[in-house]
Amino acid sequence: MKQNRKETAWKKSRKFGDIHGGRMRLKCADGIFNRTHNLLPPSEGQETPIFIVENTSRDFYFPVTIDEIKETLKKLPKEHTKYLTHIWLDKVKKSEYLKGETLQGQFICGSNIYLIKLYAVPSDNKMLFGQSKLTTKQLNFYKKYCTDLIHNKNGWYLQWTTENYKKYYLEKLLLHEIGHCVDYIYERHWSKANHKQVEDFADNYAVIWSNNIKQTVEE
């Protein structure tokens, strides 16, 4: 459900915890946010989160399905997910992907919208980083799911498998973005000054609840 941009009043938008391509460049930005501000808050009684799925080109795909995301949400405390209004599986531009500038995930909120965006991945499962070699911090971020680091004339990339991409999106990326939502609702309002605390909270949330979910499944 969308409306004309001129009719939308986004006064204090927030974009935090963006994870870009392989470089994991984290971005903080206040202000109006492009296409996303077309969205309307859910109507009373409407099931949430509302799912939006874009059509991707043949060069990209979504490593997770709506049903898989729903199953993950069911395993979390209701108070952690009840404020989520939308989950958007969004496409990426091939030109941005080739530069290593595509996003993986975002949490965006404003005007009663609490949105998580998860972005498509390349069909060849290559996560590009450009010519700069990965830092130890970057490698540690991905090492549980992918360690196959390769270099060629176009730069560095991680070679994922479809199954590991799925696990990473459900067990880390999605939970990281939910962590941002929990943090914003229950802990703090964000500023550039507390950006590190914001990211640390989301990272810790993903680790704790990924482990909790696995333990529940095993029991």
Side-chain angles (χ1 to χ4, degrees), residues 1-2 15-27 29 33-39 48-73 81 84-109 113-130 134 138-139 141-150 152 154-181 202-203 206 210:
M1 188 174 186
K2 299 184 180 181
K15 292 205 301 181
F16 272 66
D18 301 357
I19 301 180
H20 291 247
R23 292 183 297 158
M24 210 180 78
R25 185 183 70 199
L26 304 181
K27 177 182 178 182
F33 44 85
N34 302 330
R35 317 181 41 195
T36 308
H37 79 248
N38 289 350
L39 297 177
T48 56
I50 297 166
F51 285 87
I52 304 168
V53 182
E54 299 283 358
N55 291 321
T56 65
S57 70
R58 64 182 180 181
D59 295 320
F60 296 89
Y61 74 101
F62 297 114
V64 295
T65 66
I66 290 174
D67 286 341
E68 289 167 339
I69 294 172
K70 286 181 176 180
E71 284 302 308
T72 299
L73 297 182
T81 60
L84 280 176
T85 60
H86 299 77
I87 293 181
W88 189 340
L89 302 185
D90 203 0
K91 58 189 176 183
V92 299
K93 293 182 179 179
K94 187 172 183 179
S95 59
E96 292 178 353
Y97 160 70
L98 292 175
K99 295 177 183 178
E101 296 178 350
T102 52
L103 288 166
Q104 295 176 29
Q106 290 177 290
F107 170 66
I108 306 171
C109 60
I113 297 289
Y114 297 91
L115 163 71
I116 286 175
K117 295 186 81 174
L118 301 177
Y119 290 85
V121 302
S123 300
D124 61 9
N125 289 327
K126 292 181 180 179
M127 183 184 285
L128 302 185
F129 293 84
L134 278 71
Q138 286 175 302
L139 288 171
F141 186 83
Y142 298 110
K143 70 178 182 180
K144 184 177 178 180
Y145 303 96
C146 183
T147 58
D148 192 6
L149 182 63
I150 299 172
N152 62 19
N154 297 316
W156 294 91
Y157 66 92
L158 281 172
Q159 182 63 64
W160 292 71
T161 66
T162 301
E163 183 60 28
N164 282 346
Y165 244 142
K166 180 190 297 290
K167 290 180 179 179
Y168 166 68
Y169 265 59
L170 292 175
E171 297 176 5
K172 193 173 184 76
L173 186 61
L174 174 61
L175 294 181
H176 178 97
E177 303 306 338
I178 292 173
H180 279 308
C181 183
D203 284 341
S210 178

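Residue indices begin at 1 and follow the sequence shown.
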Next item on the list: Take K144 and Y168, measure what side-chain contact (heavy atoms from CB on, under 4.5 Å) needs, and give me the verdict at the end.
Entry: CA-CA 8 Å; K144 184 177 178 180; Y168 166 68; over 6 Å; no

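- Of all heavy-atom pairs between Y169 and Y119, the closest is OH-O, 2.9 Å.
- Among F62, Y142, W160, the one residue that satisfies the ring pair (Phe, Tyr, Trp, His ring centres under 6.0 Å) test with Y165 is W160.
- Crowding of K166 atom NZ: a count of heavy atoms from other residues, nucleotides or ligands under 6.0 Å exceeding 12.
- Between atom OG1 of residue T161 and atom CG of residue D148 there is a gap of 9.5 Å, rounded to the nearest 0.5 Å.
- Here the straight-line distance linking atom OG1 of T72 with atom CD1 of I178 works out to 7.5 Å at 0.5 Å rounding.
- In terms of heavy-atom proximity, L84 sits nearest to C181 at CD2-SG, 4.1 Å.
- L158 CG to L134 CG: the interatomic distance, rounded to the nearest 0.5 Å, is 5.5 Å.
- Between the S123 side chain and the R58 main chain, a donor and an acceptor come within less than 3.5 Å of each other.
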**OP:** Just do the side-chain contact (heavy atoms from CB on, under 4.5 Å) check on L39 and T85 with the steps written out, would you?
**Re:** CA-CA 10 Å; L39 297 177; T85 60; over 6 Å; no

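- Scanning all heavy atoms of the two residues, the minimum distance from K93 to T102 falls at O-CG2, 3.9 Å.
- In this structure the side chain of L174 never reaches within 4.5 angstrom of the side chain of V64, judged on heavy atoms.
- The nearest pair of heavy atoms linking Y145 to S210 is OH-OG, 4.4 Å.
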Start with the C-alpha gap between L103 and K117, add the side-chain angles, then the distance that decides, and say whether side-chain contact (heavy atoms from CB on, under 4.5 Å) holds.
CA-CA 9 Å; L103 288 166; K117 295 186 81 174; over 6 Å; no

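- Taken from NZ in K126 to CD1 in I150, the straight-line distance is 7.5 Å, to the nearest 0.5 Å.
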Q: Mind running side-chain contact (heavy atoms from CB on, under 4.5 Å) on V121 and F60 for me, showing each step along the way?
A: CA-CA 5 Å; V121 302; F60 296 89; 5.8 Å; no

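- The two residues P49 and L73 make their nearest non-hydrogen contact at CG-CD1, 3.9 Å.
- Listed by chain and number, the residues in a salt bridge (charged side-chain N to carboxylate O under 4.0 Å, His left out) with K172 amount to none (sequence neighbours excluded).
- Atoms CD1 and NE2, from I108 and H180 in turn, are 11.5 Å apart once rounded to the nearest 0.5 Å.
- Here the CG-OH distance, from L128 to Y97, works out to 3.5 Å after rounding to the nearest 0.5 Å.
- Side-chain contact between L118 and D90: absent, with no pair of heavy atoms (C-beta onward) separated by less than 4.5 Å.
- One N or O on the side chain of E177 and one on the backbone of F107 form a donor-acceptor pair closer than 3.5 Å.
- Of all the heavy atoms in N125 and Q159, the pair that sits closest is O-NE2, 3.4 Å.
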